[in-house]
Amino acid sequence: MNITRRKLLTGAGAGALALSMGRAFAQKAEFKYKYANNLPVTHPMNLRAKEMADAIRAETKGRVDIQIFPNNQLGSDTDMLSQLRSGGIEFFTLSGLILSTLVPAASINGIGFAFADYDQVWKAMDGDLGAYVRAQIAKANLVAMDKIWDNGFRQITTSTKPILTPADLKGMKLRVPPSPLWTSMFEALGAAPVSINFAEVYSALQTKVVEGQENPLAIISTAKLYEVQKYCSLTNHMWDGFWFLANGRAWERLPADLRAIVSKHVNAAGVKERVDVAELNATLQKDLAAKGLVFNQTKADSFRGQLRKAGFYAQWKAKYGDEAWAILERSTGKLA
Ligand code: X2X
């Protein structure tokens, strides 16, 4: 199924999450697992996850039934991470930058302006850097599936003014996800970052608790942030993805043949979701402008220069260590 912008924007895809025929299997499933995420039902992540759950249910002949809980239904990202660790839920898709509160190395793909394009992203994340991070995640008794799902290159939106250079960020109350790297980066750029879980972002913007936030266009669109923001400044300041995580004990409880089926379909769904998200992020500007969002280009070198001047790269190279930083720079070129 090709997730078209029309289907996304009309929310027709949301119907795909309606109670599935699979309910009939739920009663007899040996393994009834919960998969939670923080994205709207119309985001490609949930449209592909529905296909994935149906394919797993079919190929395991109903033995594995994955129930999807989208859009923060089970709580905030920090709540859901706790539930994943305790086994309250068995699967959860989470940005490595938020996971870094538990697995510090998991935020390394979010280093400001590290990746110039998707070729560099997938070379790193499907290569040595992804393997390194997954090994670190395993030490926390979590299992990260091989193919990280795409969130995208992030842009800054505000309700007050366009952002052209870091000077425009000075003292700005900007929402960032709860993660030391996000806070550090926007402090280095001169802003006043405020850590807020995604579940509360729309209302925080609407009530002017914060004047801006940063996210890829697919999120700005599916979460309807254009309703409470006026400007979108195209910074591409960070690439971010979602690790598809499993609780270690729950994963081991699955027999090897079922684990192979589940991981096959999860990874296949992740690769399809990447195509969907990249297409949306490349084409949504026109739809969002029609909804009133005012776009501007930015001077990337001025942001990168400010990060260097503030010692951001040197600080994070020291935090990750030489091994991880060398793996990152093999894909990005010299950063610090
Ligand atoms: O919280 C965010 O901004 C989001 C939805 O992009 C993440 O999950 C990192």
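The structure displayed is predicted, hence computed values, not measured ones. Counting starts at 1 for both ligands and their atoms, in listed order.
Considering backbone and side-chain N/O atoms, Asp77 never comes within less than 3.5 Å of an N/O atom of ligand 1. Distances between N or O atoms of Arg154 and those of ligand 1 include at least one value under 3.5 Å.
The side chain of Asn38, and not its backbone, has at least one atom closer than 4.0 Å to an atom of ligand 1 (non-hydrogen atoms only; side chain from C-beta on). When non-hydrogen atoms are compared, ligand 1 lies under 4.0 Å from the side chain of Asp240 (C-beta onward) but not from its backbone. When heavy-atom distances to ligand 1 are checked against a 4.0 Å cut-off, Asn151 comes that close only through its side chain, counted from C-beta outward.
Counting non-hydrogen atoms of neighbouring residues, nucleotides and ligands closer than 6.0 angstrom, the NZ atom of Lys230 reaches no more than 12 such neighbours.
Atoms of ligand 1 found under 4.0 Å from any heavy atom of Trp182 (numbered from 1 in listed order, with element): 9 (C). Each of the following atoms of ligand 1 lies closer than 4.0 Å to a heavy atom of Ser95: 9 (C). Numbered from 1 in the order shown, with element, the atoms of ligand 1 that lie under 4.0 Å from a heavy atom of Phe242 read 8 (O).
Within the cation-pi definition used here (under 6.0 Å to the ring centroid, within 45° of the axis), Arg274 qualifies as a partner of Trp122. In this structure, Arg308 forms a cation-pi arrangement with Tyr313, its terminal cationic atom sitting closer than 6.0 Å to the ring centre and no more than 45° off the ring axis.
Of the N and O atoms on the side chains of Ser331 and Gln120, not one donor lies less than 3.5 Å from an acceptor on the other residue.
Pro178 and Thr78 get closest at one heavy-atom pair: CG-CG2, 4.4 Å.
In summary, the aromatic rings of Phe92 and Phe244 are positioned with their centroids too far apart to meet the 6.0 Å limit.
Looking only at heavy atoms of the protein, atom 6 (O) of ligand 1 is closest to Asn215 OD1, 2.7 Å.
The closest heavy-atom contact to atom 3 (O) of ligand 1, among the options Glu214, Arg175, Gln213, comes from Arg175.
Results of the ring pair (Phe, Tyr, Trp, His ring centres under 6.0 Å) test with His237 over Phe303, Phe186, Phe153, Trp182 single out Phe186 as the only residue that passes.
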